[in-house]
Amino acid sequence: MSTPVNLPGHYRLIELDTVDSTNEEAKRLAAAGAADGTVVWAKAQTGGYGRRQRTWVSEPGNLYLSLLLRPDCTVATATQVGFIACNTVAEAAAAALPRGTFVTCKWPNDVLVEGRKVSGILLESSSRDGHRMDWLVVGIGVNLAHHPAETEFPATDLAREGAEGLTPARLLESLCARFSANMVLWRNMGFAAIRRNWMRRAHGLGQPLTVRLDRHTFDGVFEDLDGDGALMLRMGADLRKFTAGDVFFPHLAPGH
Ligand code: BTN
């Protein structure tokens, strides 16, 4: 049975009990011509995945959704939507949690509560000519009722951090309304406004940080986010720019 969900007018909801992955479903719908604003929401996923093809454990109780967008922009510009999604989740989490709870954004697109991961965001896209966007899928997973144990980066969930009476359906509504508003902000004010909001919640700004790529690890200080969303790492006299990578904070032991 479908759950009553109130979404912004131009969004169309596809609600599923279970699916392999909402991102996979959104990509299938995109290939079949589905419109901008299609929202795929599943109560559970059998094959949920995150960045670098890591498994995203997807038992019922948490939120799993993918937004299908067809933004009129280049592939490079579309990465900015990840920061829009990150700000959106951080705003929704802060609104649901007790006042004063520490909600931060971990580069590039994770949301932390009290230093632990509560949400991950995965962008997947296809371009028309290798340059202009055809479709963009924004996959969002939020730990609402439970979180995986023994993750490489410590995890938590909103209920554990004090969110009361929040259901996946209510969080979906809150996210879609805020995401739609943040997309308008992006269109009207550009990435500078999105970057400013992300920076207000940036986790570990000015602090030691490790960036891990497939083969190399870089230690430095998180100095800035550049005008395109790249992480600027101070390594002595060098300022290195990263557009991808996994970030760790040396003062936080894994599993903390
Ligand atoms: C990450 O932190 O690596 C990103 C995790 C993204 C998980 C979400 S859950 C909804 C959507 N469907 C998926 O299979 N993945 C994303």
Side-chain angles (χ1 to χ4, degrees), residues 5 11 13-31 34 38-69 78-79 81-90 92-93 103-113 115-126 135-158 168-169 171-172 174-176 179 198 203 211-214 229 231 242-249 254:
V5 178
Y11 285 178
L13 180 65
I14 313 270
E15 179 185 342
L16 305 163
D17 283 332
T18 185
V19 70
D20 50 354
S21 150
T22 56
N23 264 37
E24 287 299 317
E25 182 64 14
K27 289 193 285 181
R28 289 189 285 265
L29 290 166
T38 302
V39 179
V40 182
W41 170 39
K43 313 285 167 43
Q45 300 181 116
T46 54
Y49 56 91
R51 291 165 54 227
R52 294 167 190 262
Q53 292 297 320
R54 280 186 283 247
T55 300
W56 188 264
V57 178
S58 305
E59 303 292 330
N62 288 344
L63 181 64
Y64 314 106
L65 83 130
S66 299
L67 282 145
L68 168 61
L69 306 175
T79 59
V81 178
F83 294 88
I84 297 174
C86 193
N87 289 348
T88 297
V89 175
V103 179
T104 51
C105 295
K106 172 177 173 275
W107 190 85
N109 302 148
D110 289 344
V111 177
L112 310 183
V113 174
R116 298 179 174 89
K117 180 162 169 169
V118 81
S119 172
I121 291 157
L122 176 68
L123 298 189
E124 296 187 84
S125 64
S126 170
W135 52 258
L136 174 69
V137 169
V138 185
I140 303 177
V142 185
N143 299 336
L144 208 169
H146 49 80
H147 64 273
E150 290 169 27
T151 42
E152 195 175 17
F153 194 90
T156 189
D157 59 78
L158 293 177
L171 183 58
L172 174 69
S174 169
L175 285 181
C176 288
F179 185 82
W198 192 94
H203 196 88
V211 180
R212 198 190 293 162
L213 304 183
D214 280 341
L231 182 146
F242 292 88
T243 54
D246 282 326
V247 160
F248 295 90
F249 303 96

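In what follows, residues are counted from 1 in the order of the sequence shown. Both counts, for ligands and for their atoms, begin at 1 and track the order of listing.
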What do you reckon, does S66 have a nitrogen or oxygen under 3.5 Å from a nitrogen or oxygen of ligand 1?
no
- request: Output yes when the distance from some N or O of ligand 1 to some N or O of Y64 is under 3.5 Å, and no in every other case.
  value: no
Atom 11 (C) of ligand 1 has as its nearest protein heavy atom T22 OG1, 3.2 Å
If you scan protein heavy atoms around atom 3 (O) of ligand 1, the nearest is R51 N, 2.7 Å
Residue, atom and distance of the protein heavy atom nearest atom 15 (N) of ligand 1 read Y49 O, 2.7 Å
N109 side chain reached by F83 side chain, heavy atoms, under 4.5 Å: yes
protein heavy-atom neighbour closest to atom 6 (C) of ligand 1 works out as G120 O, 3.6 Å
| Any N/O of W56 closer than 3.5 Å to an N/O of ligand 1? | no
For the pair V57 and H146, evaluate side-chain contact (heavy atoms from CB on, under 4.5 Å) and give the outcome as yes or no after the intermediate values. CA-CA 10 Å; V57 178; H146 49 80; over 6 Å; no
Among non-hydrogen protein atoms, atom 8 (C) of ligand 1 lies closest to G141 N, 3.6 Å
Can you classify the ring geometry of F248 versus F153 as parallel (below 30°), tilted (30 to 60°) or perpendicular (above 60°)?
tilted
TODO: Given side-chain contact (heavy atoms from CB on, under 4.5 Å), test Q45 with T22 step by step and report yes or no.
DONE: CA-CA 7 Å; Q45 300 181 116; T22 56; 3.3 Å; yes
side-chain contact (heavy atoms from CB on, under 4.5 Å) for L171 and V142? Distances and angles first, verdict last.
CA-CA 9 Å; L171 183 58; V142 185; 3.7 Å; yes
Between S119 and I140 the two heavy atoms that sit nearest each other are OG-CG2, 4.1 Å
Q. Do R28 and V19 have side-chain heavy atoms sitting under 4.5 Å apart?
A. yes
(Q) Check contact between R54 and ligand 1, using heavy atoms of the residue and a distance below 4.0 angstrom. (A) no
